Colleague: 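Mind having a look at this structure? Questions to follow.
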Amino acid sequence: MREYTHVDAALLHGEIVPRAAPAVLRGVAAGWPAVQRARASPEAICAYLLACDSGQPVDALLLPPGEKGRLFYAPGMDGFNFARRRLPVSQVIEQLARYSQFADPPSVAVQSAPIEACLPRFGQENRLDGLLGEFDAPARIWIGNAIVTPAHFDESDNIACVVAGRRRFTLFPPEQVGNLYIGPLDYAPTPTPISMVDFSAPDLARFPRFARALEAAQVADLGPGDAIYIPPLWWHHVQSSAPLSILVNYWWKPAPQQGDVPQHTPMQALTIAMDALRALPPAQRQAWAALFGHYVFDAGVDPAAHIPAHRHGVLSKVRPP
């Protein structure tokens, strides 16, 4: 994975994002007060979080020790393997401090909590000033101990900054979807579908194509102050290994042009296409694949270039390359 230092907005939006590939941004948050406290001691960063807590409850996931921190399905896929609670950040920190004394502790995970609501002072004092440029990207915080988030994707651009602990990111390009053995599209412990493969002990008899996915994997190990850029639709598996792990992330999408707000998200479009095309004979599905390729996915062709502008109709929504 390509690594960058001294990243500014010009480098991020002029080179890193247009590459459409993941990148490590070393030290991009090294100057944050939270990172400096995390480097000092676990007690220092915990005291800082307690002082920043607004008391607003956040979603906290609780896993028994036997799950080894892996967010997943319950046996038989009848539910998930964690309990969900609404707790203030201060209570989560108290739990983590208590569990840090256990030889085999339960796992605790605060996932994607809006910082502006639960830790407003933290948000004011720890910022990516100017880096995101024009994009309005609210900060979210992830707090826990040893947590494993299975490979999944986001529909937005993503910058994730490690504040405390260490995290390993294992990423796969979108075309590896067939080798990752994705679970249900509409029922997952994360907002988007997850890989069913246990990366710590992959069952290659059950998931043989996963070996091909590993050949395409990109891995990054991040410590306090480091960040990673993850492009949309790149699958990412995230593993934290410390008794206290904290991450802040920012999701953003380019703003639609005026009058160009889509009626459906790409994920909704996928499910609509599945419903409309699944019953067709194979030859017809292949024919529709050709039409989709021409009108939606072929960046080298403007399908309306030969038509007078006043007759573009729905083709006006297809941008030329």
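From a predicted model like this one, the values you see are computed outputs, not experimental measurements.
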Colleague: In chain order, what residues pass the salt bridge (Lys or Arg N to Asp or Glu O under 4.0 Å) check against D129, with sequence neighbours excluded?
Modeller: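 Salt bridge (Lys or Arg N to Asp or Glu O under 4.0 Å) check on D129 returns R127.
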Colleague: Quick one: do V17 and V28 end up in the same hydrophobic cluster if we chain Ile, Leu, Val, Met, Phe, Trp and Tyr together by side-chain heavy atoms under 4.5 Å apart?
Modeller: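 Yes, it is one cluster - the side chains of V17 and V28 are joined through contacts under 4.5 Å.
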Colleague: Test I143 against L96 for side chain to side chain contact (heavy atoms under 4.5 Å, CB included), laying out the working first.
Modeller: CA-CA 9 Å; I143 306 170; L96 288 169; 3.8 Å; yes
Colleague: Taking only residues at least two apart or on different chains, which pairs with a member in residues 160-180 satisfy ring pair (Phe, Tyr, Trp, His ring centres under 6.0 Å)?
Modeller: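 Qualifying pairs: F172-F199.
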Colleague: Can you find a heavy atom in the side chain of P65 that is under 4.5 Å from one in the side chain of P106?
Modeller: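 Yes. Closest side-chain heavy atoms under 4.5 Å.
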Colleague: Just checking R39: does its CZ atom have more than 12 heavy atoms from other residues, nucleotides or ligands closer to it than 6.0 angstrom?
Modeller: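 Yes, CZ of R39 has more than 12 neighbouring heavy atoms, counting only those of other groups under 6.0 Å.
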Colleague: How far apart are the closest heavy atoms of D53 and P88, and which atoms are they?
Modeller: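 Closest approach of D53 to P88, heavy atoms only: OD2-CB, 3.8 Å.
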Colleague: Taking all heavy atoms of P173 and all of W235, pick out the closest pair and write down the distance.
Modeller: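 Smallest heavy-atom distance, with atoms named: O-CD1, 3.8 Å.
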Colleague: Not counting sequence neighbours, list each pair that qualifies as a salt bridge (Lys or Arg N to Asp or Glu O under 4.0 Å) and has a residue in residues 22-38.
Modeller: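 Of all non-adjacent pairs touching residues 22-38, those that pass salt bridge (Lys or Arg N to Asp or Glu O under 4.0 Å) are E3-R26, R26-D226.
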Colleague: Side chains of W234 and P174: does their closest heavy-atom pair fall under 4.5 Å?
Modeller: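 They are in contact (side-chain heavy atoms under 4.5 Å apart), so the answer is yes.
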Colleague: Under the side chain to side chain contact (heavy atoms under 4.5 Å, CB included) rule, collect the residues that match up with P202, sequence neighbours excluded.
Modeller: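 Scan of P202 (side chain to side chain contact (heavy atoms under 4.5 Å, CB included), adjacent residues dropped) gives V197, L204, F210.
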Colleague: For A117 and P120, work out which heavy atoms get closest and say how close.
Modeller: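 Closest pair (atom of A117, atom of P120, distance): O-CD, 4.0 Å.
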Colleague: Looking only at heavy atoms, which two atoms of Y4 and R19 are closest? And how far apart?
Modeller: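 So the minimum-distance heavy-atom pair works out to OH-CD, 3.5 Å.
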Colleague: Set out, in order, the CA-CA distance, both residues' side-chain angles and the distance that settles side chain to side chain contact (heavy atoms under 4.5 Å, CB included) for R2 and E15, then state yes or no.
Modeller: CA-CA 12 Å; R2 187 173 296 187; E15 177 178 336; 3.9 Å; yes
Colleague: Applying side chain to side chain contact (heavy atoms under 4.5 Å, CB included), run through I16 and L25 and close with a yes or a no.
Modeller: CA-CA 10 Å; I16 297 173; L25 317 179; 3.8 Å; yes
Colleague: Q268 side chain to T265 main-chain N or O, any donor-acceptor pair under 3.5 Å?
Modeller: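 Yes: the side chain of Q268 pairs with the backbone of T265.
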Colleague: Would you say that L277 contacts F292 through its side chain, given a criterion of any heavy-atom pair below 4.5 Å between the two side chains?
Modeller: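 Yes - at least one pair of side-chain heavy atoms lies under 4.5 Å apart.
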Colleague: Filter on ring pair (Phe, Tyr, Trp, His ring centres under 6.0 Å), then keep only pairs touching residues 97-118, sequence neighbours left out; what's left?
Modeller: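 Listed by first then second residue: Y99-F102.
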Colleague: Please round to the nearest 0.5 Å and tell me the distance separating atom CG of L214 and atom CZ of R212.
Modeller: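 The distance works out to 12.0 Å.
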Colleague: Starting at CG of L180, measure out to CE of M196 and round the result to the nearest 0.5 Å.
Modeller: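 Result: 12.5 Å between the selected atoms.
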Colleague: Can you find a pair of side-chain heavy atoms, one from W142 and one from S112, that are under 4.5 Å apart?
Modeller: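 They are in contact (side-chain heavy atoms under 4.5 Å apart), so the answer is yes.
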Colleague: Has the side chain of S240 got a donor or acceptor atom that lies under 3.5 Å from a matching backbone atom of I147?
Modeller: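 Indeed, once roles are kept as given, a pair shorter than 3.5 Å links the two residues.
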Colleague: Could you tell me the separation between the CG atom of L119 and the CD1 atom of I246, rounded to the nearest 0.5 Å?
Modeller: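 Result: 9.0 Å between the selected atoms.
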Colleague: Which residue pairs pass the salt bridge (Lys or Arg N to Asp or Glu O under 4.0 Å) test when at least one of the two sits in residues 109-124, sequence neighbours left out?
Modeller: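 Every salt bridge (Lys or Arg N to Asp or Glu O under 4.0 Å) pair that includes a residue of residues 109-124, provided the two are not neighbours, is R121-E125.
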Colleague: Of all residues at least two apart in sequence or in a different chain, which pass the side chain to side chain contact (heavy atoms under 4.5 Å, CB included) check with R86?
Modeller: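 Counting only residues at least two positions away or on another chain, R86 forms a side chain to side chain contact (heavy atoms under 4.5 Å, CB included) with Q56, P57, D59.
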Colleague: At what distance, to the nearest 0.5 angstrom, does CG of N81 lie from CD of E67?
Modeller: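 One gets 4.0 Å once the value is rounded to the nearest 0.5 Å.
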Colleague: Do R167 and S245 get their side chains close enough for a donor-acceptor pair, meaning under 3.5 Å?
Modeller: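 Indeed, the side chains of R167 and S245 share at least one donor-acceptor pair under 3.5 Å.
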Colleague: State which residues pass ring-ring contact (aromatic ring centres under 6.0 Å, His included) with Y181; sequence neighbours excluded, sorted by chain then number.
Modeller: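 Checked Y181 against ring-ring contact (aromatic ring centres under 6.0 Å, His included); matches are F207.
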Colleague: For residues 146-159, which residue pairs pass the salt bridge (Lys or Arg N to Asp or Glu O under 4.0 Å) check, not counting sequence neighbours?
Modeller: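 Found none.
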Colleague: Do V163 and V108 share a hydrophobic cluster, counting only Ile, Leu, Val, Met, Phe, Trp and Tyr and linking them when any side-chain heavy atoms are less than 4.5 Å apart?
Modeller: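 In one cluster: yes.
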Colleague: Check P184 against P193 and note the closest heavy-atom contact, atom names and distance.
Modeller: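 So the minimum-distance heavy-atom pair works out to O-CB, 3.7 Å.
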Colleague: Can you pull out every salt bridge (Lys or Arg N to Asp or Glu O under 4.0 Å) where at least one residue sits in residues 270-291? Sequence neighbours excluded, please.
Modeller: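 Output for this query lists D275-R278.
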Colleague: Do the side chains of V162 and L132 join up, straight or via other hydrophobic residues, at under 4.5 Å, putting them in one cluster?
Modeller: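 As far as the 4.5 Å side-chain criterion goes, L132 and V162 are not connected within one cluster.
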Colleague: Starting at CG of N158, measure out to CH2 of W251 and round the result to the nearest 0.5 Å.
Modeller: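 Answer for the CG-CH2 pair, N158 versus W251, is 6.5 Å.
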Colleague: Can you get from W252 to F153 by hopping between Ile, Leu, Val, Met, Phe, Trp and Tyr side chains that sit under 4.5 Å apart?
Modeller: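 Different clusters: W252 never reaches F153 through Ile, Leu, Val, Met, Phe, Trp or Tyr contacts under 4.5 Å.
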Colleague: What pairs meet the ring pair (Phe, Tyr, Trp, His ring centres under 6.0 Å) rule with one or both residues in residues 5-41, with sequence neighbours excluded?
Modeller: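 Residue pairs passing ring pair (Phe, Tyr, Trp, His ring centres under 6.0 Å), neighbours aside: H13-F135.
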Colleague: Do you reckon F82 sits in the same ILVMFWY cluster as I194, going by side-chain contacts under 4.5 Å, direct or chained?
Modeller: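 F82 clusters together with I194.
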Colleague: Check whether any side-chain N or O of H152 sits under 3.5 Å from a backbone N or O of H236 as a donor-acceptor pair, and report yes or no.
Modeller: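 At least one qualifying donor-acceptor pair exists.
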Colleague: Going by the rule salt bridge (Lys or Arg N to Asp or Glu O under 4.0 Å), which residues pair with D8 if we only count those two or more places apart in sequence or in a different chain?
Modeller: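 Listed in chain order: nothing, the list is empty.
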Colleague: Just how far is it from atom CG of L244 to atom SG of C46, taken to the nearest 0.5 Å?
Modeller: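 It is 5.0 Å, given to the nearest 0.5 Å.
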Colleague: Do L12 and L131 have side chains that approach each other closer than 4.5 Å (heavy atoms only, starting at C-beta)?
Modeller: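 L12 vs L131: side chains touch.
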Colleague: Should F122 and V89 count as side-chain neighbours, where that means a heavy-atom distance under 4.5 Å?
Modeller: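 No; the side chains remain at least 4.5 Å from each other.
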Colleague: Hey, are the side chains of N126 and P33 touching, using non-hydrogen atoms and a 4.5 Å cut-off?
Modeller: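 A side-chain contact exists here, since the closest heavy-atom pair is under 4.5 Å.
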Colleague: For P224 and A164, which heavy atoms make the closest approach, and how far apart are they?
Modeller: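 Looks like CG-CA, 4.3 Å.
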Colleague: Can you find a pair of side-chain heavy atoms, one from P231 and one from P22, that are under 4.5 Å apart?
Modeller: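 They are in contact (side-chain heavy atoms under 4.5 Å apart), so the answer is yes.
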Colleague: How far apart are the C-alpha atoms of L171 and I228, what are their side-chain angles, what is the distance that settles it, and do they pass the side chain to side chain contact (heavy atoms under 4.5 Å, CB included) test?
Modeller: CA-CA 11 Å; L171 286 86; I228 186 170; 3.8 Å; yes
